[in-house]
There are 2 protein chains.
Amino acid sequence: MVTAASISSRIIDAILAEQLPPNARLGEQELAKLFGCSRTVVREAMIELSARGIVTVSSRRGWYLTEISAADARALYEAREVIETGLLRSFARRGAQLDMATLYRLRGHLEQQKAALGDANVGRRSYLLGDFHVCLAECLGNRILAAKLRDLTVLTTLFTMRHQTSGDAERSYKEHVAVFQALEAGDPAAAERRMCNHLGTWEEKVHMVREVDALESLRQALAPVTEPGVEVAGPKASDERKDGRGPAEIPATKGAK
Amino acid sequence: MVTAASISSRIIDAILAEQLPPNARLGEQELAKLFGCSRTVVREAMIELSARGIVTVSSRRGWYLTEISAADARALYEAREVIETGLLRSFARRGAQLDMATLYRLRGHLEQQKAALGDANVGRRSYLLGDFHVCLAECLGNRILAAKLRDLTVLTTLFTMRHQTSGDAERSYKEHVAVFQALEAGDPAAAERRMCNHLGTWEEKVHMVREVDALESLRQALAPVTEPGVEVAGPKASDERKDGRGPAEIPATKGAK
DNA sequence: GGCTCCAATCTTGTATGCAAGCATTGAATG
DNA sequence: CATTCAATGCTTGCATACAAGATTGGAGCC
């Protein structure tokens with residue numbers, strides 16, 4: 001049976017795996033056919049995602065994945081920094097320690113990230129690198145903030161997909177390891193500093209795209225082949241075309257869970 | 001015209017004004033009749049509130065306002081502390097200053113709080129004291145976190161209503177003023193410390209009810225009159241009865257906006 | 001050729017009908 | 001008298017039908 005929760009979950013996974021670009025259209029009828037249910041169920045999923053800021057409805061036109069403006073992105077990264085470093089700080093202040101099972105879980109997650117680095121599967125790599133932050137928040141013992149953080153991570157992904165700032169996966173992985181090692185060594189304060197630096201490197205990049213943002217999406221849509229110099233934006237768009245699927249198509253294989 | 005957003009907004013205002021107790025039943029048909037629309041619209045509002053953690057659905061039984069457990073409350077207060085102090089810290093670090101218009105807005109909000117202190121209108125007082133935190137977050141320039149904080153404030157209210165820890169309104173007001181004065185004086189670091197203390201006084205109370213929590217709701221439901229000693233829980237319940245309204249009734253006057 | 005207007009089509013918005021599950025109440029039985 | 005079970009009413013879950021707005025394409029006109 002197809003529930004609204006399963007639909008929204010699939011969509012979120014697809015975004016985290018960079019398989020659904022921002023502004024992708026999510027037609028009710030289309031999704032209903034795809035999932036084999038009625039529009040009612042799809043609509044429930046859309047409303048839920050809308051409450052979480054992930055999709056936006058344009059009246060009687062359709063549902064679209066939210067397009068994150070540069071201003072929103074700034075608030076977004078600030079929010080992530082506040083939450084992620086704040087959780088570590090709170091953890092440090094209460095003098096808690098991660099137990100063996102939790103350390104094991106985090107170590108396992110890092111192993112998966114490492115494995116995905118060499119892998120050709122770009123989607124899974126993106127998914128895991130983003131999911132680590134949520135996983136860490138859960139491990140720090142606050143499910144409420146972890147849930148909020150998951151949504152923020154999704155929105156972050158929507159922004160980086162558009163602006164191609166994701167870049168250095170290997171570096172991200174190494175910084176994750178560094179955070180983990182500080183926690184493992186019982187030094188959450190150091191973990192907080194490292195996390196702060198880790199998030200800071202992304203935040204810098206946001207400020208760099210601040211000015212050009214207004215034209216960015218148009219430019220990307222209009223000039224895919226004419227200028228060979230800007231090819232960083234090219235492969236993604238052409239990848240989507242050559243497998244013959246529309247942008248709103250749901251991938252057949254689930255990201256990872 | 002009645003939209004789903006207006007319904008959920010009304011419900012949230014009612015909670016913040018302590019006019020809807022936790023575990024209150026929100027029947028689809030009932031609300032549809034009350035708002036003069038179909039179940040569909042009500043249902044959309046419920047799904048939205050459900051995504052925000054404010055209502056919970058029990059399959060084929062009904063929608064209920066979420067009952068916050070002591071464990072959830074702990075995470076909730078930690079989340080609020082992380083976000084609210086984190087925003088002030090981030091504000092301080094970037095060396096920003098509040099402009100005149102923003103200071104004016106905050107000062108106006110504090111005036112309203114002060115006026116509501118002497119007022120007999122308990123609902124408005126609760127609403128304003130809670131709303132100040134959200135207002136402050138908005139003033140610090142992060143609408144995303146402000147929205148998340150609003151939901152957390154609603155959940156906090158649901159917890160304090162059950163456990164009657166709200167108590168000292170005047171003290172809360174004074175602490176709000178203290179935070180504001182630090183900001184006005186251009187010392188956000190001091191504002192952060194004061195906010196941390198302010199939230200800390202509540203958090204203490206949560207830990208006090210930690211142990212009895214499992215029986216709390218039962219006790220409250222079973223022994224309303226037999227023991228005169230536990231009357232702290234009495235007046236609220238009887239207040240609701242004497243005006244002849246069911247617990248899920250929506251108040252005629254909107255809280256404040 | 002270019003502009004305007006209208007109609008066809010596609011989309012969401014809303015209401016309603018029916019199905020199915022849960023709780024309660026009552027009777028029947030040990 | 002206690003216990004079990006069946007029937008009934010009430011609630012949400014889901015699908016569908018219809019309404020109404022938005023877009024787009026083309027025909028007609030200047």
Side-chain angles (χ1 to χ4, degrees), chain A residues 1-11 20-67 217-218 221-222 245-250, chain B residues 1-11 14-15 20-67 217-218 221-222 245-250:
Chain A
M1 188 184 114
V2 177
T3 65
S6 71
I7 294 177
S8 53
S9 168
R10 281 285 289 277
I11 290 175
L20 280 177
N23 211 33
R25 187 161 187 289
L26 299 174
E28 292 183 6
Q29 195 62 259
E30 194 178 1
L31 290 175
K33 198 185 293 178
L34 193 62
F35 284 99
C37 61
S38 78
R39 273 180 54 213
T40 308
V41 181
V42 172
R43 203 174 159 76
E44 288 187 6
M46 290 301 116
I47 290 167
E48 185 205 319
L49 290 175
S50 164
R52 298 164 68 181
I54 295 167
V55 305
T56 311
V57 63
S58 178
S59 181
R60 279 173 223 273
R61 271 179 21 90
W63 299 86
Y64 297 86
L65 287 195
T66 302
E67 183 102 36
S217 76
L218 263 181
L222 295 177
R245 300 187 309 188
E249 190 90 16
I250 302 297
Chain B
M1 188 183 118
V2 177
T3 65
S6 71
I7 295 177
S8 53
S9 168
R10 282 284 289 276
I11 289 175
I15 296 171
L20 280 176
N23 212 33
R25 188 164 185 288
L26 300 173
E28 291 182 8
Q29 195 62 258
E30 193 178 2
L31 290 176
K33 198 185 295 179
L34 193 62
F35 284 99
C37 61
S38 79
R39 273 180 53 214
T40 307
V41 181
V42 171
R43 203 173 160 76
E44 287 188 4
M46 292 299 116
I47 289 166
E48 184 206 321
L49 290 175
S50 163
R52 298 163 68 181
I54 293 167
V55 305
T56 311
V57 61
S58 178
S59 181
R60 279 172 224 274
R61 270 179 21 89
W63 298 87
Y64 297 86
L65 287 195
T66 302
E67 183 102 37
S217 76
L218 262 183
L222 296 177
R245 300 187 310 189
E249 190 89 18
I250 303 297

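Given the structure is predicted, the values throughout are model-derived calculations rather than measurements. Letters A, B, ... are given to chains in the order of the sequence lines, protein chains preceding strands, and every chain is numbered from 1.
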What residues form a side-chain hydrogen bond (donor to acceptor under 3.5 Å, both in side chains) with A/Glu44, not counting sequence neighbours? B/Arg43
Contacts of type side-chain hydrogen bond (donor to acceptor under 3.5 Å, both in side chains), residue B/Arg60, not counting sequence neighbours: none
A/Leu49 backbone acceptor or donor facing A/Ser8 side chain under 3.5 Å: no
Rounded to whole Å, please give me the gap between CZ in B/Arg43 and C1' in C/dG17. 14 Å
Inter-residue atom distance A/Asn23.CG - A/Tyr64.OH, 0.5 Å rounding: 7.5 Å
Quick one: label B/Met46 by what it contacts on the DNA or RNA (base, sugar-phosphate, nothing), any heavy atom closer than 4.0 Å. nothing
For A/Thr3, the side-chain contact (heavy atoms from CB on, under 4.5 Å) test, sequence neighbours excluded, returns A/Met1, A/Ala5, A/Ser6
Which residues share a side-chain hydrogen bond (donor to acceptor under 3.5 Å, both in side chains) with A/Arg52, sequence neighbours left out: A/Glu48, A/Asp151
Protein N or O to nucleotides 18-25 of chain C N or O, pairs below 3.5 Å:
{"from": "C/dA20", "atom 1": "N3", "to": "B/Arg60", "atom 2": "NH1", "distance (Å)": "3.2"}
{"from": "C/dG21", "atom 1": "O4'", "to": "B/Arg60", "atom 2": "NE", "distance (Å)": "3.2"}

Partner residues of A/Ser38 under the side-chain contact (heavy atoms from CB on, under 4.5 Å) criterion, sequence neighbours left out: A/Thr40, A/Val41
Which sits closer to the 5' end of DNA chain D, A/Thr40 or B/Gln29, going by the nucleotide each is nearest to? B/Gln29
Need two values: the first and the last nucleotide of DNA chain D, 5' to 3', having an atom under 4.0 Å from any heavy-atom of chain B. D/dT11 to D/dG13
Contact nearer the 5' end of DNA chain C, comparing B/Gly36 with A/Glu28: A/Glu28
Can you list the steps and then say if A/Met46 with A/Leu26 is a side-chain contact (heavy atoms from CB on, under 4.5 Å)? CA-CA 9 Å; A/Met46 290 301 116; A/Leu26 299 174; 4.2 Å; yes
